[in-house]
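Chain identifiers are assigned alphabetically (A, B, ...) following the order of the sequence lines, protein sequences preceding nucleic acid strands; residue numbering begins at 1 within each chain.
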Amino acid sequence: ILNVEQSPQSLHVQEGDSTNFTCSFPSSNFYALHWYRWETAKSPEALFVMTLNGDEKKKGRISATLNTKEGYSYLYIKGSQPEDSATYLCAPSGAGTYKYIFGTGTRLKVLA
Amino acid sequence: DAGVTQSPTHLIKTRGQQVTLRCSPKSGHDTVSWYQQALGQGPQFIFQYYEEEERQRGNFPDRFSGHQFPNYSSELNVNALLLGDSALYLCASSSGTEETQYFGPGTRLLVL
């Protein structure tokens, strides 16, 4: 796995809006896909790890889906709140390797 | 239960100097990975330590070296610092029983 792309790079939404981001990755040698939320001056926080094609995970208002055949994952936030403002990173990992390959992230700003 | 801790939080060095960064893993974790995040990029994998040995290495020169101690804590050493080594250095810990790497808050290194 070499190239991980996240889109959009940044976005601003109003409080209460729902939003989604995309993570694209090469589908060959895929093992797992990790999503992190990273608030300024804090540690990246693990949100989800997904391994199977069609996986869906949910944590409160945040959910994620995974398509390993076409190499993408979506992260959804329903009813965005100002505390959701952060950079959201995705990182696939490959079979037989211990490293995560991170995208550059999506910077979300939720306006009150 | 303390999460992953790193020290120092900030560091300023000059070109050619050497630096040591420290990481204490989350309780119960035996594996430590190090990542470098340069401005505008996602974190890039430097190496991973397990059982006091380097288990996997990313595309970083030999100036980057590490160590893991019997208590699982780890150090990252960078010799002959270059301006381009200025970055946020993240430590992540994990265990063999779960997929997720848990990150510390990072050490911000500035090389002048």
Side-chain angles (χ1 to χ4, degrees), chain A residues 1-10 21-26 29-52 55 57 59 64 66 68 73 75 86-107, chain B residues 1-7 9-10 23-26 29-51 53-60 64 66 68 74 87-108:
Chain A
I1 294 177
L2 295 177
N3 211 23
V4 180
E5 295 184 0
Q6 291 189 247
S7 61
Q9 284 190 338
S10 66
F21 326 133
T22 303
C23 172
S24 301
F25 52 88
N29 199 39
F30 172 86
Y31 179 71
L33 190 285
H34 306 262
W35 279 101
Y36 287 85
R37 173 170 59 198
W38 195 358
E39 295 179 65
T40 303
K42 294 187 177 180
S43 305
E45 173 196 357
L47 289 175
F48 305 115
V49 55
M50 295 181 288
T51 57
L52 299 175
D55 256 356
K57 293 285 180 80
K59 184 177 181 179
L66 177 67
T68 61
S73 176
L75 187 81
T87 296
Y88 291 82
L89 291 165
C90 73
S93 56
T97 177
Y98 302 101
K99 64 181 178 181
Y100 293 1
I101 308 294
F102 281 90
T104 54
T106 293
R107 285 184 298 280
Chain B
D1 175 29
V4 180
T5 59
Q6 294 186 241
S7 63
T9 55
H10 295 81
C23 172
S24 291
K26 187 177 177 183
H29 286 183
D30 57 8
T31 303
V32 173
S33 303
W34 287 93
Y35 291 80
Q36 178 197 66
Q37 189 195 28
L39 201 61
Q41 297 183 19
Q44 295 200 21
F45 178 80
I46 303 174
F47 40 55
Q48 185 182 87
Y49 275 83
Y50 173 70
E51 292 189 341
E53 297 284 335
E54 182 184 289
R55 180 156 70 173
Q56 187 173 8
R57 188 178 184 91
N59 189 25
F60 279 80
F64 289 76
Q68 186 179 34
S74 176
L88 180 69
Y89 289 86
L90 292 163
C91 166
S93 73
S94 55
S95 72
T97 59
E98 60 173 318
E99 300 293 339
T100 301
Q101 294 182 9
Y102 293 85
F103 283 82
T107 294
R108 188 163 296 282

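- Counting heavy-atom neighbours within 6.0 Å of R55(B) CZ, excluding the residue itself, gives a total above 12.
- Exactly one of Y31(A), Y100(A), F102(A), F30(A) qualifies for a ring pair (Phe, Tyr, Trp, His ring centres under 6.0 Å) with F25(A). That residue is F30(A).
- Looking at Q37(B), the atoms closer than 4.5 Å to chain A (heavy atoms on both sides) all sit in the side chain, from C-beta outward.
- The side-chain contact (heavy atoms from CB on, under 4.5 Å) with Q6(B) is formed by just one residue from the set S24(B), S74(B), P105(B); it is P105(B).
- For Q9(A), the CD atom sits in a loose shell: 12 or fewer heavy atoms of surrounding residues, nucleotides or ligands are nearer than 6.0 Å.
- Q6(A) places no side-chain N or O within 3.5 Å of a backbone atom of F21(A) that could act as its donor or acceptor partner.
- Contact residues of residues 42-49 of chain B toward chain A are G42(B), P43(B), F45(B), Q48(B) (heavy-atom distance under 4.5 Å).
- For F60(B), the ring-ring contact (aromatic ring centres under 6.0 Å, His included) partners are F64(B), not counting sequence neighbours.
- For chain A, no part of Y50(B) is nearby; none of its heavy atoms comes within less than 4.5 Å.
- With Y102(B) as the aromatic partner, K26(B) meets the cation-pi criteria of under 6.0 angstrom to the ring centre and within 45 degrees of the ring axis.
- For Y36(A), the part sitting under 4.5 Å from any heavy atom of chain B is the side chain, from C-beta outward, and nothing else.
- Chain A forms more heavy-atom pairs under 4.5 Å with one residue of R57(B), Q41(B), Q56(B) than with any other, namely Q56(B).
- For T97(A), the parts lying near chain B are the backbone and the side chain together; criterion is any non-hydrogen pair under 4.5 Å.
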Run the numbers on F48(A) and L66(A) for side chain to side chain contact (heavy atoms under 4.5 Å, CB included), then give the verdict.
-> CA-CA 11 Å; F48(A) 305 115; L66(A) 177 67; over 6 Å; no

